[in-house]
Amino acid sequence: MSSITPLVQSVDWLALAPPTLTAAVALVVLVADLFLPAARKPLLGWIATAGLAASALLLLPLLGGGRKTFCLPAHPDVCSYVADPFTLVIQFLVLGGALLTALLSIDTIRDQDLPTGEYWFLLLSSAAGAALLPASRDLATLVIALEVASLPAFALVGLRRGDRLSSEAALKFFLSSVAATAVMLLGVSFLYATTGSLYLSRVAHALTALPDPRLATLASAGVALTLVGFAFKTAAAPFHFWVPDTYVGAPLPIAGYLSVVGKAVGFSGLILVTVQGFPSYADVWGPALAVLAGLTMTVGNVAALRQDPRRAHSAVRLLAWSSVGQAGYLLVPLAAAGYTRDPAHAIGSTVAYALMYAAVNLGAFAVAALVARTRPANRLTDYRGLYARRPLAALALGFFLLCLAGLPPGVIGLFAKVTVFSVAVDAGLAWLAVIMAVNVVIALYYYLQWTAVLFRGAEAAEAAPEGTDAAEAEQRPSRAAIPAPLATAIGLAAVLGIALSGAPQLVLRFASGALL
C-alpha cells in the first residue's frame with residue numbers, strides 16, 4: 001500500500017466545475033433526447049443554453065485566487081490542472097462564445113432540420129474540451145483537451161445531411177486536422193523522450209540544460225512539430241487552407257463557433273506551450289511566430305479583398321478570410337513575447353484582442369444568420385439596403401464591422417489594434433508593425449465596403465447574377481419579428497462590444513495580469 005500512496009492525487013472539484021458541468025449537461029441532453037417526443041425536442045436547446053450559462057457563472061467562485069488540482073503529492077507545484085487568471089479569462093471567452101452560439105443555434109436547428117440531440121451533445125462536448133484546455137499544464141492533458149474540443153466539431157460541420165458542401169467541408173476539416181494532430185503528437189513524443197516528463201514546468205526546466213547535443217536536436221524537432229499542431233488550430237498560414245470551405249459548409253452558428261472558440265483553443269494552447277513550456281527556445285519560436293503573423297494577416301486580408309460580392313456565400317467567405325487575417329494580428333503579441341523578458345504584457349494584448357474579436361465576430365455571424373433566413377445564398381449583395389429593412393440589425397452589423405476594422409465608434413477595435421501595434425514596436429519588431437499597418441489599411445477597404453452596402457437604397461441593387469431564377473431575384477426579406485434567441489444573441493454581442501468600447505483600458509489591465 002505504501003508503494004502507491006505517493007501516486008494518489010487530490011481533486012479540487014470547484015476548480016474543475018466549469019468544464020465538468022458542461023460535460024455533465026452534454027450527457028443529460030444525450031439521454032433526454034432518447035425519451036423526449038419530437039415536439040418537445042426544442043427543450044434540449046434551452047437545457048444546453050442554461051447549462052452553458054451556469055458553467056460560466058461557476059467561474060465567479062474561482063476569481064479569488066489560483067486553484068490547482070491533480071498535483072504530484074511530492075511536488076504540489078507540479079499540477080495538471082490550474083485555474084489561474086489566464087485560465088478563467090479563456091474559459092469565460094469559451095463558455096461565453098458557446099452560449100452565444102447556442103442562442104444562434106436554437107432556430108437554425110429547426111430551420112435546417114438538424115438532428116437536435118446530436119447537435120447539442122456535440123456542441124456541449126466541444127465546449128467542455130475547449131474549457132479544459134487553458135487549464136491544462138501538461139502535454140498529455142493539452143492534447144486530450146484539444147481533441148475533445150476538435151472531434152465533435154468535425155461532426156457539427158457535416159451535420160447537414162445530404163448537403164454536398166457540408167460533407168466536403170467536414171471531410172477536409174477532418175483530414176487536415178488529423179494530419180496536424182499526428183504531427184503534434186510526434187512532437188510531444190520527442191519532447192517526452194528528451195525531457196522524461198509531460199508537465200510543462202518540468203519540460204521547461206529540462207530544456208534549459210540538455211546534456212547531449214543529439215537530445216538538443218531531438219528537442220528542437222519536438223518544439224517545432226508541437227507548434228505546427230497548434231498553428232493549424234489558430235488557422236495561421238500556411239495551415240489555413242481548411243477555413244473558407246469549412247465555414248461555408250458548416251451551419252452558420254458552427255462557423256461562428258469555430259471562428260471564436262476554435263481560435264481560443266488554438267491560441268491558449270500556443271501560449272501555454274511557448275511561454276510556459278519552451279521559454280528557453282524563445283529565440284526560435286519568437287521569429288517563427290513573427291513570420292507566421294505577417295504571412296497570416298497578409299494572406300487573410302488579400303483573400304478577403306478579392307471576394308466577389310455576387311458569389312454565393314461570399315459574406316461567409318469574407319468573414320472566413322477576415323478571421324484568418326485577425327489570427328495574424330493575434331499572433332503579433334505572442335511573437336513579441338519571445339523578444340522580451342516579461343511576456344505578461346504581450347500575452348495580455350493577445351488575450352485582450354481575443355476578447356474584443358470574440359464579441360464582435362460572433363455578432364457579425366449572428367446578423368449573417370439573420371440575413372440567411374431569407375437569403376440562403378448569403379451573398380454580400382444580399383445586404384444591400386439592410387438598413388431600410390431591418391435598421392437595428394444593420395446598425396449592429398455596421399458596428400461589428402467597424403470594430404473589426406478598428407474605426408470609431410468601434411473604439412475597442414481601435415484600442416486593440418493600437419495595443420498590438422505598440423507591443424510589436426516595443427519588442428523591436430518594427431518590420432512586423434509595418435506589415436500590420438499595411439494590412440489594417442487593406443482590411444479597411446473591404447470592411448467599409450460591406451458597411452456602406454448596408455445603407456444603400458434598395459433601388460440601387462445590382463442585377464441578379466446569371467443562374468438566379470426570377471423568384472429568387474424578386475425575393476424580399478420578411479419583416480416578421482426576429483426570433484427571440486437570435487435577437488438576444490445580436491443584442492448581447494452589441495452590448496458587450498459597446499461596453500468594451502466604453503472602457504477599453506480595463507480589458508487590457510485585466511488581461512495583462514492573466515498569465516505568469
Checklist entry - Around Phe92, counting heavy atoms of other residues, nucleotides and ligands shown, do more than 12 lie under 6.0 Å from its CZ? => result no

Item to check | Heavy-atom donor-acceptor pair, Ser349 side chain to Val420 backbone, under 3.5 Å | outcome: no

Item to check | Contact summary for Ala83 and Leu62, nearest pair of heavy atoms | outcome: CB-CD1, 4.5 Å

Next on the checklist: Using 0.5 Å steps for rounding, measure from the CG atom of Leu319 to the CG atom of Leu380.
Outcome noted: 8.5 Å

Only pairs under 3.5 Å count here: list side-chain donor-acceptor contacts from residues 21-37, not counting sequence neighbours, and write none if there are none.
| residue | atom | partner | partner atom | Å |
| --- | --- | --- | --- | --- |
| Thr22 | OG1 | Pro18 | O | 2.9 |
| Thr22 | OG1 | Ser55 | OG | 3.0 |
| Asp33 | OD1 | Lys41 | NZ | 2.6 |

Checklist entry - Less than 4.5 Å apart, any side-chain heavy atom of Met297 and any of Ile442? => result no

Checklist entry - Less than 4.5 Å apart, any side-chain heavy atom of Leu175 and any of Val178? => result no

Item to check | Phe232/Trp242 aromatic ring centres below 6.0 Å | outcome: yes

Checklist entry - Would you say the side-chain atoms of Ser422 pair up with the backbone N or O of Thr419, donor to acceptor, closer than 3.5 Å? => result yes

Item to check | Closest heavy-atom pair and its distance - Ala424, Val332 | outcome: CB-CG1, 3.7 Å

Item to check | Side chain proximity check, Gln326 to Ser259, heavy atoms < 4.5 angstrom | outcome: no

Next on the checklist: Pairing donors with acceptors under 3.5 angstrom, does anything connect the side chains of Asn301 and Tyr447?
Outcome noted: no

Checklist entry - Counting only heavy atoms not in Tyr387, do more than 12 sit closer than 6.0 Å to its OH atom? => result no

Checklist entry - Where do Phe230 and Gly269 come nearest, in terms of heavy atoms and distance? => result CE2-CA, 3.6 Å

Next on the checklist: Run Tyr445 and Gln449 through side chain to side chain contact (heavy atoms under 4.5 Å, CB included) and show every step you take.
Outcome noted: CA-CA 6 Å; Tyr445 178 80; Gln449 186 180 49; 3.4 Å; yes

Next on the checklist: Surrounding CZ of Arg110 (heavy atoms of other residues, nucleotides or ligands, distance under 6.0 Å), is the total greater than 12?
Outcome noted: yes

Next on the checklist: For a 4.5 angstrom cut-off between non-hydrogen side-chain atoms, does Arg160 reach Ser167?
Outcome noted: no

Item to check | side chain to side chain contact (heavy atoms under 4.5 Å, CB included) between Leu331 and Leu270, intermediate numbers included | outcome: CA-CA 10 Å; Leu331 281 169; Leu270 201 56; 3.8 Å; yes

Item to check | Donor-acceptor contact below 3.5 Å, side chain Tyr257 vs main chain Leu252 | outcome: no

Item to check | Non-neighbouring partners of Tyr247 that pass ring pair (Phe, Tyr, Trp, His ring centres under 6.0 Å), sequence neighbours left out | outcome: none

For residues 146-157, please give each side-chain donor-acceptor pair under 3.5 Å, one per line with the distance, not counting sequence neighbours.
| residue | atom | partner | partner atom | Å |
| --- | --- | --- | --- | --- |
| Glu147 | OE2 | Thr181 | OG1 | 3.0 |
| Ser150 | OG | Leu146 | O | 2.8 |
| Ser150 | OG | Lys233 | NZ | 3.0 |

Checklist entry - Are Arg379 and His313 close enough, and set up right, to give a side chain to side chain contact (heavy atoms under 4.5 Å, CB included), and what steps lead you there? => result CA-CA 5 Å; Arg379 305 179 183 91; His313 309 294; over 6 Å; no

Item to check | Closest approach of Ala235 to Lys263 (non-hydrogen atoms, all atoms of both residues) | outcome: CB-NZ, 4.1 Å

Item to check | Salt-bridge present (Arg310, Asp382; N to O < 4.0 Å) | outcome: no

Checklist entry - If we only count heavy atoms from C-beta on, is the Leu370 to Leu397 side-chain gap below 4.5 Å? => result no

Item to check | Side-chain heavy-atom pair Pro253, Phe365 within 4.5 angstrom cut-off | outcome: no

Checklist entry - Rounded to the nearest 0.5 Å, how far does CD1 of Ile412 lie from OH of Tyr357? => result 15.0 Å

Checklist entry - Charged N to carboxylate O below 4.0 Å: is that the case for Glu168 and Arg164? => result yes

Next on the checklist: Checking the side chain of Tyr383 only, and the main-chain atoms of Asn378 only, is there a donor and an acceptor separated by less than 3.5 Å?
Outcome noted: no

Checklist entry - Got a second to check how far Phe400's CZ is from Leu395's CG, nearest 0.5 Å? => result 10.5 Å

Next on the checklist: Under a 3.5 Å distance rule, please check whether Gln307 uses its side chain to pair with a backbone N or O of Leu318 as donor and acceptor.
Outcome noted: no

Checklist entry - Does Thr87 reach the main-chain N or O of Pro134 with its side chain, forming a donor-acceptor pair under 3.5 Å? => result yes

Checklist entry - Is Tyr119 close to Ile254 at the side-chain level, that is, under 4.5 Å between some pair of heavy atoms? => result yes

Item to check | Thr451 side, atom OG1; Leu402 side, atom CG - distance, nearest 0.5 Å | outcome: 4.5 Å

Checklist entry - Got a second to check how far Leu142's CG is from Leu132's CG, nearest 0.5 Å? => result 8.5 Å

Next on the checklist: Whether the side chain of Ser177 engages the backbone of Phe174 through a donor-acceptor N/O pair (distance < 3.5 Å, no angle test) should be reported.
Outcome noted: no

Checklist entry - CD1 of Ile498 to CZ of Phe399: how many Å apart, nearest 0.5 Å? => result 5.0 Å

Checklist outcome for this item: Note: Ile106 and Thr49 closest approach over all heavy atoms is CD1-OG1, 4.0 Å

Checklist entry - Is there a donor-acceptor pair under 3.5 Å between the side chain of Ser314 and the backbone N or O of Pro309? => result yes

Next on the checklist: Would the distance check show the side chain of Arg456 and the main-chain N or O of Leu386 forming a donor-acceptor pair, the cut-off being under 3.5 Å?
Outcome noted: no

Checklist entry - Between Leu103 and Leu492, is a side chain to side chain contact (heavy atoms under 4.5 Å, CB included) present by the stated rule, with each step listed? => result CA-CA 10 Å; Leu103 291 171; Leu492 285 175; 3.9 Å; yes

Checklist outcome for this item: Here the pair of heavy atoms bringing Leu99 nearest to Ala53 is CD1-N, 4.2 Å

Checklist entry - Is there a side-chain contact between Leu44 and Phe121, using heavy atoms and a 4.5 Å cut-off? => result no

Checklist entry - So, does Ser126 use its side chain to make a donor-acceptor pair with the main chain of Leu123 at under 3.5 Å? => result no

